[in-house]
Each structure stands twice: as structure tokens, then as C-alpha cells.
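So the structure is just underneath, and the comments pick up after that.
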Amino acid sequence: MAEAEEDCHSDAVRAGDEDGNERPAETDLQAQLQRFRAQWMFELAPGGGSSSLESRPWRATRGSSLRAVDTRGKQELAKEEKARELFLKAVEEEQNGALYEAIKFYRRAMQLVPDIEFKITYTRSPDGDGVGNSYIEDTDDDSKMADLLSYFQQQLTFQESVLKLCQPELESSQTHISALPMEVLMYIFRWVVSSDLDLRSLEQLSQVCRGFYICARDPEIWRLACLKVWGRSCIKLVAYTSWREMFLERPRVRFDGVYISKTTYIRQGEQSLDGFYRAWHQVEYYRYIRFFPDGHMMMLTTPEEPQSIVPRLRTRNTRTDAILLGHYRLSQDIDNQTKVFAVITKKKEEKPLDYKYRYFRRVPVQEADQNFHVGLQLCSSGHQRFNKLIWIHHSCHITYKSTGETAVTAFEIDKMYTPLLFARVRSYTAFSERPL
């Protein structure tokens with residue numbers, strides 16, 4: 001019994017010691033929790049977090065990272081501005097003909113910003129052949145001066161109760177062009193456009209002064225141009241606000257150049273005499289199509305390169321052999337695809353009579369007329385409009401004069417019929433013998 005009482009007493013003492021040890025630990029935990037709550041409330045108070053010792057390193061790190069981001073952004077902007085200056089300098093050197101210097105500036109600009117060309121917006125002058133192009137950045141003034149026609153009309157002045165389109169810059173004893181009546185000026189502008197529809201020259205003439213700009217926007221000139229291209233099918237303005245917009249936006253073939261396609265293929269040759277090898281030949285030839293505003297066209301297939309053929313296609317009175325002459329028409333389907341249908345024939349040549357065999361009886365040769373029917377689809381590619389023709393069909397119609405029968409041979413449109421791409425020729429836009 002004594003031993004049992006001693007064990008119970010020892011257990012009670014041990015339990016009392018353990019309770020005494022747990023109470024100080026619980027008290028310390030409560031104190032730490034109270035301190036954490038107080039510090040948290042102090043940091044949430046306005047201005048309280050700045051004096052916190054624990055938050056200072058984090059705020060210092062965040063401030064340094066923000067300063068680094070701002071510095072990096074400023075460096076990127078400075079680099080892009082430098083690349084823009086170099087690119088515009090290269091454009092200026094290229095316009096002046098210094099191609100070697102232009103290449104150096106282009107290279108330096110692209111080393112700084114590889115896509116700097118797409119970050120600069122520019123507008124081209126009406127002469128879009130690469131010479132005389134003006135590159136300008138978009139500004140707020142461009143949006144304010146959108147309607148130049150109405151703005152220029154407000155700037156016109158009346159002198160002696162007569163409307164003056166322009167004023168002489170320097171005093172001269174000779175008669176200035178502004179003294180001519182409006183009817184005479186408009187007739188001169190119709191001569192500039194001419195029967196060849198040289199609207200590019202009209203746009204260049206409109207850059208002379210404000211009065212010429214107003215004359216070049218005369219609706220009658222653009223209405224006559226539309227009638228010459230589409231005929232009576234464009235009497236009413238349906239989807240366009242002006243005749244000029246119709247001429248620029250409605251699909252049509254272009255008259256200031258030539259549509260050219262190049263075809264290349266490999267042909268197997270004959271076997272050698274000893275049978276040791278067989279030759280292969282690479283064949284290259286070109287197709288040229290030239291359109292005129294009055295509905296006529298020319299087509300030529302030849303291995304000669306464009307440098308020697310294009311100058312010969314300037315007028316219809318060409319002496320080039322194997323040239324095909326014909327007429328065309330434009331057709332717009334329900335799916336808004338514009339197609340060109342043409343009928344062309346070989347240029348007829350009068351053969352001189354051969355009197356050497358006039359007493360001999362010859363076997364009569366059956367005479368026949370040979371025509372080619374061509375179908376093309378007009379489309380645009382790249383930044384240029386209406387500069388591509390895709391083959392749809394090509395067939396040959398042979399009509400025998402003696403019997404009146406017609407034989408039709410349709411050619412399969414395969415890889416030999418490559419699309420024709422437009423090449424503008426500046427010499428084609430010249431003054432014609434007839435006004436518009």
C-alpha cells in the first residue's frame with residue numbers, strides 16, 4: 001500500500017510540473033500573436049508601412065525594379081527614334097540616286113529595329129515608279145485636311161467679278177494662264193488625259209496649284225473616262241460617290257503598261273548518234289498582252305525578253321511579226337469577279353504575187369480564218385491594283401471559207417499558262433492625237 005501511495009504521489013507531482021511548463025509556452029504564443037496583429041494593423045494604417053523595418057527591403061527592391069523598367073523603356077524609345085531617322089535618311093539618299101549610301105543607312109536602321117519599315121507610315125506621290133516618292137509620317141494635320149477640294153474652293157478669290165483659279169507668282173508682261181476662261185482650261189485638261197486615258201498625267205498636273213487641283217477633280221473628265229472604259233453600263237453611280245472613285249475602285253484593265261508572263265519548262269531532246277546520252281533542253285518564252293481604252297488589244301508570244309519587246313508595243317501600228325490583234329470586253333459575274341474575254345487573230349499580211357509560176361496549175365489551198373478565244377480573270381496582288389491576270393480558258397477556232405464549218409480546239413490550262421503580271425511603262429503615258 002505504501003508503494004502504491006508513493007507512485008500516485010510521484011505521478012501527481014509530474015503532472016503538476018508538466019502543467020507549469022505548458023502555461024508559459026501558451027503565454028508566449030499569445031504574446032507573439034498579439035505582436036503580429038499589432039504590426040499588421042500598423043502596416044495597414046496610412047503611412048505606417050513606410051516606417052516598418054521589415055517592409056523596407058521589399059519596397060527598395062520594387063522601386064529599383066520600376067526604375068530599371070523605366071530606363072529600359074526609354075532606351076527602347078530612343079533606339080526606335082534613331083532607327084526611324086536612319087531609315088528616312090536612307091529613303092532620301094535613295095531618292096537622290098545614292099544607292100550605296102542608302103543601303104548603309106538601311107542596314108544600320110534594321111540593326112537597331114528589324115521591323116522599322118513597318119513602323120513608319122508613308123504616302124506615295126501619284127508617280128508610283130519609285131522615283132519622287134514622298135515618305136511622310138502621319139500627323140494630326142492630315143486628318144484636318146482630308147477634304148482638300150472643298151478647302152481649296154474656299155481659298156479661291158474673285159478679281160474683277162471673274163473667278164481666278166491661280167495667281168502668277170511673279171509679275172510678267174506676258175499673259176498668264178489664269179487669264180484663260182474656265183472652258184478653255186478644261187479643254188486643255190481633256191487633251192492632257194487624251195484618248196489613251198492618261199489619268200496619271202492628270203494627277204501630276206493637279207499638283208501644280210490649287211486651281212489645277214480643282215480642275216483635275218472636275219466630274220465631267222472622270223465621267224468621260226468611265227464611259228470610255230465600261231460604256232453604257234456605268235451610266236448611274238450605284239456603289240460609288242463620284243466618277244473619280246468609280247474609275248479608281250472599280251476593277252478594270254490598265255492601259256499604262258503591259259501584262260507579262262514568263263514560262264519555263266524542260267523538254268527532252270533527241271538521243272545522240274552513238275546512243276550514249278540524251279540531251280535535255282530548257283525552254284523559256286514570254287507572253288505579252290497590251291490593252292487599249294477603245295477595246296482593242298495586242299498579244300504576242302516570243303522568246304525575246306521584255307527589254308526589246310515592250311517598246312514595240314507602244315502603239316497598235318507595230319511591225320512586229322507573229323503579233324495577234326483583237327478586241328476584248330469586261331464582264332463582272334455574280335460573285336463580283338471581273339473577267340476579261342478577248343477574241344484575237346493573227347495580223348494579216350499581203351503576200352506579193354509570184355509571177356514565176358503563173359502558167360502552172362496549182363492545187364487550190366483551202367482558205368481558213370484562225371481566231372483565238374481567251375478568258376482571263378482580273379485580280380490584284382500586293383500593293384498594286386488590277387495588276388494580275390489569271391488564265392481561265394484558251395481555245396482556237398478555225399473557220400473554213402469554202403464550207404463555212406468551224407473547228408474548235410480547246411487548250412488545257414496547266415502550269416504552262418502562268419499568270420500575267422502588270423509592268424508599268426512611263427513612255428506609254430504620252431500625249432495622244434485626240435482629246436478625251
Side-chain angles (χ1 to χ4, degrees), residues 66-148 151-152 169 198-210 212-213 216 248-249 254 256-262 305-308 310-311 379-388 419-430:
L66 291 176
R67 287 194 297 270
V69 170
D70 294 340
T71 304
R72 193 179 303 109
K74 293 179 180 179
Q75 292 177 356
E76 293 294 334
L77 292 177
K79 184 186 298 184
E80 184 175 344
E81 185 66 24
K82 181 65 175 178
R84 180 182 284 104
E85 294 179 0
L86 292 174
F87 188 87
L88 296 177
K89 181 66 175 177
V91 171
E92 182 180 357
E93 294 292 341
E94 184 179 1
Q95 293 178 357
N96 297 332
L99 299 181
Y100 182 75
E101 298 294 333
I103 292 176
K104 292 197 301 184
F105 286 114
Y106 279 135
R107 185 176 299 170
R108 291 173 58 186
M110 296 186 68
Q111 287 177 353
L112 294 176
V113 181
D115 58 343
I116 186 61
E117 179 181 3
F118 304 100
K119 294 184 178 181
I120 298 180
T121 56
Y122 56 91
T123 59
R124 295 181 179 269
S125 61
D127 189 7
D129 55 354
V131 180
N133 294 337
S134 59
Y135 296 78
I136 59 176
E137 296 186 22
D138 291 338
T139 58
D140 296 336
D141 297 336
D142 296 337
S143 59
K144 298 179 182 179
M145 300 295 296
D147 192 2
L148 290 178
Y151 176 76
F152 287 162
E169 185 177 358
D198 189 4
L199 277 307
R200 185 178 296 275
S201 297
L202 181 66
E203 292 295 317
Q204 293 175 351
L205 185 61
S206 66
Q207 297 179 356
V208 174
C209 62
R210 299 175 181 176
F212 282 13
Y213 185 91
L248 297 178
E249 299 295 334
R254 300 181 59 176
D256 54 344
V258 184
Y259 289 89
I260 306 174
S261 69
K262 180 181 179 181
E305 296 185 354
Q307 289 81 358
S308 60
V310 169
C379 56
S380 304
S381 64
H383 299 286
Q384 298 185 4
R385 299 175 63 85
F386 323 130
N387 65 331
K388 188 176 182 180
L420 295 102
L421 298 179
F422 180 80
R424 193 181 75 83
V425 183
R426 180 180 297 180
S427 61
Y428 284 179
T429 57

Distance check, rounded to the nearest 0.5 Å: [X] atom [atom1] versus [Y] atom [atom2]?
{"X": "Leu199", "Y": "Gln204", "atom1": "CG", "atom2": "CD", "result": "11.5 Å"}
{"X": "Asp115", "Y": "Glu80", "atom1": "CG", "atom2": "CD", "result": "8.0 Å"}
{"X": "Leu86", "Y": "Lys104", "atom1": "CG", "atom2": "NZ", "result": "12.0 Å"}
{"X": "Leu420", "Y": "Lys262", "atom1": "CG", "atom2": "NZ", "result": "14.0 Å"}

Looking at Lys89 and Glu101, does any basic side-chain N land under 4.0 Å from a carboxylate oxygen?
-> no

Salt-bridged, Glu81 to Arg84, with N to O below 4.0 Å?
-> yes

Minimal non-hydrogen separation, [X] against [Y], with atom names:
{"X": "Leu248", "Y": "Phe386", "result": "O-CE1, 3.8 Å"}
{"X": "Lys79", "Y": "Val113", "result": "O-CG2, 4.2 Å"}
{"X": "Pro311", "Y": "Pro306", "result": "CD-O, 4.0 Å"}
{"X": "Ala109", "Y": "Ala83", "result": "CB-O, 3.5 Å"}
{"X": "Glu94", "Y": "Tyr106", "result": "OE1-OH, 2.8 Å"}
{"X": "Asp256", "Y": "Phe422", "result": "OD1-CZ, 3.0 Å"}

Under 3.5 Å, is there a donor-acceptor pair between the side chain of Asn387 and the main chain of Ser381?
-> yes

Checking Ser206 side chain against Phe212 main chain: does a donor-acceptor pair fall under 3.5 Å?
-> no

Could you tell me whether the side chain of Arg254 reaches within less than 4.5 Å of the side chain of Gln384, counting heavy atoms only?
-> yes

Residue pair Phe87, Phe105: steps toward the side-chain contact (heavy atoms from CB on, under 4.5 Å) verdict | CA-CA 6 Å; Phe87 188 87; Phe105 286 114; over 6 Å; no

